[in-house]
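Structure first, commentary second.
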Protein chains: 2
Amino acid sequence: MGKQRPGAAPTLEEVAALAGVGRGTVSRVINNVAGVKDSTRRAVQRAIAELGYVPNLAARSLAGRRADAVALVMTEPDWRKFGEPFFSETIRSVGDALTDTKMQLLLTQVRTDAERRRFVEYARGGRVDGVLLMSLHAEDPLPDMLADAGLPTVMLGRRSGDESISYVDADNTGGARSAVDHLLSSGRSAVATITGPLDMYVAQCRLRGYREALDRAGVEVKPSWVVEGDFTEQSGRAAMAEIIARDPEVDAVFAASDGMAAGALNALRAAGRQVPRDVAVVGFDDFLLAQHTDPRLTTVRQPIEEIGRTMVRLLLEEMEESPVAWRHVVLRTELVLRDSG
Amino acid sequence: MGKQRPGAAPTLEEVAALAGVGRGTVSRVINNVAGVKDSTRRAVQRAIAELGYVPNLAARSLAGRRADAVALVMTEPDWRKFGEPFFSETIRSVGDALTDTKMQLLLTQVRTDAERRRFVEYARGGRVDGVLLMSLHAEDPLPDMLADAGLPTVMLGRRSGDESISYVDADNTGGARSAVDHLLSSGRSAVATITGPLDMYVAQCRLRGYREALDRAGVEVKPSWVVEGDFTEQSGRAAMAEIIARDPEVDAVFAASDGMAAGALNALRAAGRQVPRDVAVVGFDDFLLAQHTDPRLTTVRQPIEEIGRTMVRLLLEEMEESPVAWRHVVLRTELVLRDSG
DNA sequence: GTGAAAGCGCTAACAC
DNA sequence: GTGTTAGCGCTTTCAC
């Protein structure tokens, strides 16, 4: 007879007593370990149902030295960013990639120093087995803090050219290059660009791709062709207006984000320029651009679904090893031409 | 001398040995319990720093019977919703309300049955001390599952008129009524409404407020004045077009969401109607509406910041008691007139 | 003010 | 196949 403790949640031991078996057997049943007689298993399951038993995860975690949970950290203070498809789809695909595991996905916001400290304690304290990081700024100390603690960690994108910690990134340089190649091959030559904030590596890469394509084609980049935005629609509009003012001869634009591409289109229309007849626009990603119905728009698409899936795969691999080895994956982008006639 | 176990994380016991004190004392120091001599406390802190000690949260949880974490569950399958200010601001304010506690906020997505099952195991397993629920559909079994497990739970909004589980809601009926009162008192009389999905209690309340205001004013609601949308901008546009087609005499519209209000404005402009001279529009919330520069727009504003703060307060209160008692809070809304001249 | 000791509920290794 | 046992690392009495 197990001692009844009214009010308290039933324990594995009480289940064992009720089923007339040892604790080890109950543990095997709840963990689906093979090698338990079928009749025994059923008896245990009946006892579990009768008592409404639920395993105490703290005890499991302590004894098993794992949390069966991973964190996905959002360091972005502006939540509206997570309404953008690039982020929301990544989160969705990470969740999907974890459905076949017993890992619980925990999204955590880390906006302030206090939140960072608390999260690092949480993670180092063993409440998660690994950490995924999104939307990182170059100077964020969080990745290194986690890495120093020996925690499996995977970042979405990298902070610089020689990133050590594991990351999954898109081929931003190659994607930008293919976009500009496309513009050049369709007869344009005065190709301007609206870059992202140049303290972000992703923006540097897309600018580099732009320059490489023009270099190879023997086109000299005029300083007036390069204007920096901040990835938003508004900054794209302002940048496009700036470009028109500086050099009215520009006949094509590569925008380093879809938001800025949408802004550029709006600014061109406001200026009475035909898009894309007078000026061709290529944007990175096509979320906002999708709302523009012009069939001749072109975009560089990132393999979002694959990004989330790959991040999870790398993290699970890292969790198998000690010490953790870092992995770097760069995924190809795809140039999408809507023009079909 | 504590046994050194290279590779493993240092334990409280090793800290105690290094500091030359008992385990109890170290525990008191890391938990900031009063009644430790200052010199002892410093010695322990030195040992902690030297060893890089971090408490094992599973062990703390097991011994202390608490997780020091709360979950905020998003049952919305469409993540873009969380880009909307109503949700993103709520999440932000919940995070803010928790900064002064040692609680870690965990956001979890529950879209599928598998995810629901896993989360309930997680919560019942004691990994969180309480649960906040957002964006619930009426038939979602999750709240009852958590309540049956005796877990402190607070919902954002309620599922029906006689909700038992704790919730924090805005006064949707009163807000809608004040919006329509405003329209009537400014000389309108043919007031139509674009409702939300009527299987959601929030939409029912806003429709009721609309009807009540017209009833009190002795205006009979024509069936053609009530069109159902789904809270999106697109549905608002379609609904407005429908209303114009059915009854061109309509001179005012109450939209049950800001998105639908924005859609209504766009549809009116497309139809060549003067807004708000010909047709006055009042929307619930003013996020999308904020982009409309018309100074004569009016909105019903929900006290978002207070919603998040209140949810946290109720949850912390519930966590103090056993069994849990449910709490219901309805917060006043505010009619915001931009019209200042 | 501090140390010693008794659990918290589980997993995993080992015996039979 | 199944029972037994030794921890996992902490909090919390209870002595002193």
Side-chain angles (χ1 to χ4, degrees), chain A residues 2-5 7-45 47-48 51-68 102 121-122 124-127 129, chain B residues 2-3 5 7-44 47-48 51-68 102 121-122 124-127 129:
Chain A
K3 47 201 171 183
Q4 294 297 61
R5 305 162 316 143
T11 69
L12 178 145
E13 178 145 21
E14 289 167 26
V15 173
L18 179 59
V21 301
R23 293 159 44 180
T25 303
V26 177
S27 179
R28 285 174 201 119
V29 170
I30 59 183
N31 291 298
N32 265 315
V33 174
V36 179
K37 218 195 318 183
D38 235 39
S39 58
T40 313
R41 184 179 296 274
R42 268 195 298 276
V44 171
Q45 283 163 338
I48 288 175
L51 263 45
Y53 169 75
V54 179
N56 178 315
L57 263 26
R60 171 178 290 172
S61 213
L62 181 57
R65 295 133 172 285
R66 63 202 154 63
D68 291 331
K102 56 185 172 185
E121 261 187 39
Y122 189 83
R124 295 196 61 178
R127 303 291 295 242
D129 299 318
Chain B
K3 48 203 169 177
R5 304 164 316 145
T11 69
L12 178 145
E13 177 144 22
E14 289 166 27
V15 173
L18 179 58
V21 301
R23 293 157 46 180
T25 303
V26 177
S27 180
R28 285 173 201 120
V29 170
I30 58 182
N31 291 299
N32 265 317
V33 175
V36 179
K37 219 194 323 183
D38 234 40
S39 59
T40 313
R41 185 179 296 275
R42 268 197 299 276
V44 170
I48 287 176
L51 261 45
Y53 168 75
V54 179
N56 178 315
L57 263 26
R60 170 177 291 173
S61 213
L62 181 57
R65 296 132 171 283
R66 62 202 157 62
D68 290 333
K102 55 186 173 186
E121 262 188 37
Y122 189 82
R124 295 196 62 177
R127 304 291 296 240
D129 299 318

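So that the names make sense, note that chain A is the first sequence line, chain B the second, and so on, each numbered from 1.
Taking atom CG of A:Asn32 as the reference point, atom C1' of C:dT11 lies 15 Å away to the nearest angstrom. Distance CZ (A:Arg66) to C1' (D:dC8): 12 Å, rounded to an integer number of Å. The CG-P distance, from A:Asn31 to C:dA12, rounds to 7 Å in whole Å. Rounded to an integer number of Å, the gap from CZ of B:Arg124 to P of C:dC10 is 13 Å. The CZ-C1' distance, from A:Arg127 to D:dG9, rounds to 14 Å in whole Å. Residue A:Arg60 contributes atom CZ, which lies 18 Å from atom P of D:dG9 at whole-angstrom precision. Here the P atom of nucleotide C:dC10 and the CD1 atom of A:Ile30 are 7 Å apart, to the nearest Å. Spacing between atom CZ of A:Arg65 and atom C1' of D:dG9 amounts to 10 Å, rounded to whole angstrom units.
For the atom pair A:Leu57 CG and B:Arg124 CZ, the distance stands at 12.0 Å (nearest 0.5 Å).
The side chain of B:Ser27 approaches D:dT12 more closely than any other nucleotide in the set C:dG7, D:dT12, D:dG3. Among C:dT2, D:dT11, D:dG9, the nucleotide with an atom closest to any side-chain atom of B:Thr25 is C:dT2. Nearest to the side chain of A:Asn56, among C:dG9, C:dT2, D:dT11, sits C:dG9. With D:dG9, C:dA4, C:dG1 as the choices, the nucleotide that has an atom nearest any side-chain atom of B:Arg28 turns out to be C:dA4. Distances were taken from every side-chain heavy atom of A:Arg23 (C-beta onward) to each of D:dG7, D:dG3, C:dA4; the shortest belongs to D:dG7.
The side-chain heavy atoms of B:Asn32 and B:Arg41, taken from C-beta on, include a pair separated by under 4.5 Å. With a 4.5 Å cut-off on side-chain heavy atoms, B:Thr11 and B:Asn56 do not count as touching. Between A:Leu12 and A:Ile30 the shortest side-chain heavy-atom distance falls below 4.5 Å.
Position along DNA chain D of the nearest nucleotide to B:Gly64 versus A:Gly24 favours A:Gly24 as the more 5'-ward residue. Nearest-nucleotide assignment on DNA chain C puts the 5′-proximal partner with B:Gly22, out of B:Ala63 and B:Gly22.
B:Gly125 comes within 4.0 angstrom of nothing in the nucleic acid, heavy atoms only.
One finds a side-chain N or O of B:Thr40 lying less than 4.0 angstrom from the OP1 or OP2 phosphate oxygen of C:dT2.
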Handout entry: From CA spacing to verdict: side chain to side chain contact (heavy atoms under 4.5 Å, CB included), A:Arg60, A:Asn31
Key = CA-CA 11 Å; A:Arg60 171 178 290 172; A:Asn31 291 298; 3.6 Å; yes
